[in-house]
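Below is one structure, written out as structure tokens; the observations come after it.
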Amino acid sequence: MEAFKSIVKPLCYFLFMCVFLLFADAALAKTHYHDFVIQATPVKRLCKTHNTITVNGQFPGPTLEVNNGDTLVVKVVNRARYNVTIHWHGVRQMRTAWADGPEFITQCPIRPGKSYTYRFTIQGQEGTLWWHAHSSWLRATVYGALIIHPKEGGNYPFPKPKRETPILLGEWWDANPIDVVREATRTGAAPNVSDAYTINGQPGDLYKCSSQDTTIVHTDSGETNLLRVINAGMNQELFFTVANHKFTVVGADASYVKPFTTSVLMLGPGQTTDVLIKADQPPSRYYMAARAYASAQGAPFDNTTTTAILEYKTSSCSSNCVKTNPVFPSLPAYNDTATATAFTTKFRSPRKVEVPKEIDENLFFTVGLGLNNCPRGARSRNCQGPNGTRFTASMNNVSFVLPSNFSLLQAHHNGIPGVFSTDFPAVPPVKFDYTGNVSRSLWQPIRGTKLYKLKYGARVQVVLQGTNISTAENHPIHLHGYDFYIIAEGFGNFNPKRDTSKFNLVDPPLRNTASVPVNGWAVIRFVADNPGVWLMHCHLDVHITWGLA
């Protein structure tokens, strides 16, 4: 009996402590309520005022700040003339798939005059994420930062910075972005490139009618600040730098990373990077600048440069600085793949991580563009792609088609037939030299709403293989509802015999968006622990419009 008591008492105490800690954690967690009103707002940029779709009349939209473990409840009221949804980019959405947001994937769009309430809890994520519209091209102006601080009483795994500043990199069209994508869909050609890049909604000093509103980030001499950099651009990977300053990278996609130093960042659309920057230069004004990393040879792109100003606030500087022109940084060449690669391959998790070693699902997905022949009876004005074709894009030769009457999650949940099939191929239907000279017979994908089924708990590896069809380029591939480990990347065709030796199964970075190198490949692994219907797509919106999903 005494022996029994000696086992039971510590066990009861242990269970009590577990329950106590659980309730203590829950008591510290908060629920944050927000109202998002989607509305047209006059916004003036590049000398011209547009009726821009915004959240609460703000461009960019409001920054949401929470702690790890908190719950967000956001009521979205649509007072615009377009359908809309909001996606919480990078939030794991554990058991809350209905709150993920991509239209016709996890919900039908919010129609004009209607509303929808998103409710979800942040679980085990800290750092910088963001939110954006996930309906047509509305995210060009409907976006904002989502900042996740450590749990109440918790600390960063680096010295606490003096200030924290979100840096949202965006793209601006001197037109209605919805008109831009509709025109491209009508003609079959590539859409017009943007007219400016922006930092926190402002183009900066190098554009007409812009310098009076250039974003200014203040700092005191000697202090260390945290910049939360987000590429909220539509169709362009971007280089970002600050003149004469170095960054210490400490996080990406709301996961901490092993700190490393760099003078330039490269972010694909959808990606976030947290960096510490020390004000260790002579007090003055220094340009922050971003411009394109354009990896698609011969494809048109916006070659302008957006700037903001890092301004030292010290007694010696306050009177003189405003008069001095900011120091301008040197930026990599537009096509500097070596710099982009050197940056992306530096990422590591801070310590050893549990990467799935045994694999249940070994998938191989090609990602790239294509060209559809002009449909019979179509007019030449509707086939303005190369040589009278229409641009398209695909994964494993399937160009993804969104349903139009039901969301995929609703169709799955309610067993509605005819909305989708589950025959998405696990490997390319035809093996070919993916990054070589691809036969024209492989340039035209099939269209379909095909899904791939995973068993709950399956350990999954996906090889993402870029193709050289039409144009090879770097593709930022985003997976909803999951973070994944990027265990390797490289150029050319992935070769399991040769490339498996490059796998980092010790401390690979945890991301939600992987930059697949131009004419190359990336390998990701994750455990299928989150039931739902989850979109995997290229975060260049022109490509998802064409079916790269």
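Throughout, residue positions are numbered sequentially from 1 according to the sequence presented. It should be emphasised that the depicted structure is a prediction, and the values quoted were computed from it without experimental measurement.
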Quiz item: Are the side chain of Asn78 and the backbone N or O of Gly113 linked by a donor-acceptor pair below 3.5 Å?
Solution: no

Quiz item: So, Tyr118 side chain and Lys75 main chain: donor-acceptor pair closer than 3.5 Å or not?
Solution: no

Practice problem: Go through the steps to decide whether Trp131 and Val55 satisfy the test side chain to side chain contact (heavy atoms under 4.5 Å, CB included), and finish with yes or no. | Solution: CA-CA 11 Å; Trp131 56 265; Val55 169; 3.7 Å; yes

Exercise. Say whether, by atom type as modelled, one donor and one acceptor occur between the side chain of Thr339 and the main chain of Asp336 under 3.5 angstrom.
Key: no

Quiz item: Which class fits the ring pair His537 and His134: parallel under 30°, tilted 30 to 60°, perpendicular over 60°?
Solution: perpendicular

Quiz item: Taking the six-membered ring for Trp, are Phe36 and Trp88 parallel (under 30°), tilted (30 to 60°) or perpendicular (over 60°)?
Solution: tilted

Quiz item: Side chain of Arg119, backbone of Leu72: donor and acceptor closer than 3.5 Å?
Solution: no

Quiz item: Under the 3.5 angstrom rule, does the side chain of Arg45 hit a backbone N or O of Gly201 as a donor-acceptor pair?
Solution: yes

Self-check item: Heavy-atom check, side chain of Val398 versus side chain of Arg447, under 4.5 Å
Solution: no

Quiz item: Does any pair with a residue in residues 401-413 pass side-chain hydrogen bond (donor to acceptor under 3.5 Å, both in side chains), and if so which ones, sequence neighbours excluded?
Solution: none

Self-check item: With Asn512, the side chain to side chain donor-acceptor pair (under 3.5 Å) member among His89, Gln125, His480, Gln271
Solution: His89

Distance-only check: which donor-acceptor pairs under 3.5 Å involve side-chain atoms of residues 372-384, not counting sequence neighbours?
unit_1 : atom_1 : unit_2 : atom_2 : d
Asn373 : ND2    : Gln444 : OE1    : 3.1
Asn382 : ND2    : Arg186 : O      : 3.0
Gln384 : NE2    : Arg381 : O      : 2.8

Quiz item: Under 30°, 30 to 60°, or over 60°: which ring-plane class applies to Trp172 and His50, parallel, tilted or perpendicular?
Solution: perpendicular

Self-check item: salt bridge (charged side-chain N to carboxylate O under 4.0 Å, His left out) partners of Glu164, counting only residues at least two apart
Solution: Arg228

Quiz item: Judged by atom type as modelled, is there a donor-acceptor pair below 3.5 Å linking the side chain of Ser394 to the main-chain atoms of Asn396?
Solution: no

Exercise. Give the ring-plane orientation class for Phe364 versus Phe494, where under 30° counts as parallel, over 60° as perpendicular and anything between as tilted.
Key: tilted

Exercise. Check whether any side-chain N or O of Asp274 sits under 3.5 Å from a backbone N or O of Ala252 as a donor-acceptor pair, and report yes or no.
Key: no

Quiz item: Is there a donor-acceptor contact under 3.5 Å from the side chain of Ser470 to the main chain of Gly370?
Solution: no

Quiz prompt | Single hit among Phe400, Phe365, Tyr452 for ring pair (Phe, Tyr, Trp, His ring centres under 6.0 Å) with Phe424 | solution = Phe365

Self-check item: Flag, side chain of Tyr197 to backbone of Asp302, donor-acceptor distance under 3.5 Å
Solution: yes

Quiz item: Among side-chain atoms of Asn437 and Asn468, is any donor-acceptor pair under 3.5 angstrom?
Solution: no

Exercise. Kindly say whether Thr128 contributes a backbone atom to a donor-acceptor pair with the side chain of Thr272 at under 3.5 angstrom?
Key: yes

Quiz item: Going by the angle between their ring planes, with limits at 30° and 60°, are Tyr293 and Phe239 parallel, tilted or perpendicular?
Solution: tilted

Practice problem: Mind checking side-chain contact (heavy atoms from CB on, under 4.5 Å) for Asn235 and listing every partner two or more places apart, or none if nothing turns up? | Solution: Trp137, Glu171, Trp173, Leu540, Asp541, Val542

Quiz item: With sequence neighbours left out, what residues match Tyr82 under side chain to side chain donor-acceptor pair (under 3.5 Å)?
Solution: Asn176

Practice problem: Sequence neighbours left out, what passes salt bridge (charged side-chain N to carboxylate O under 4.0 Å, His left out) with Asp253? Give chain and number order. | Solution: Arg511

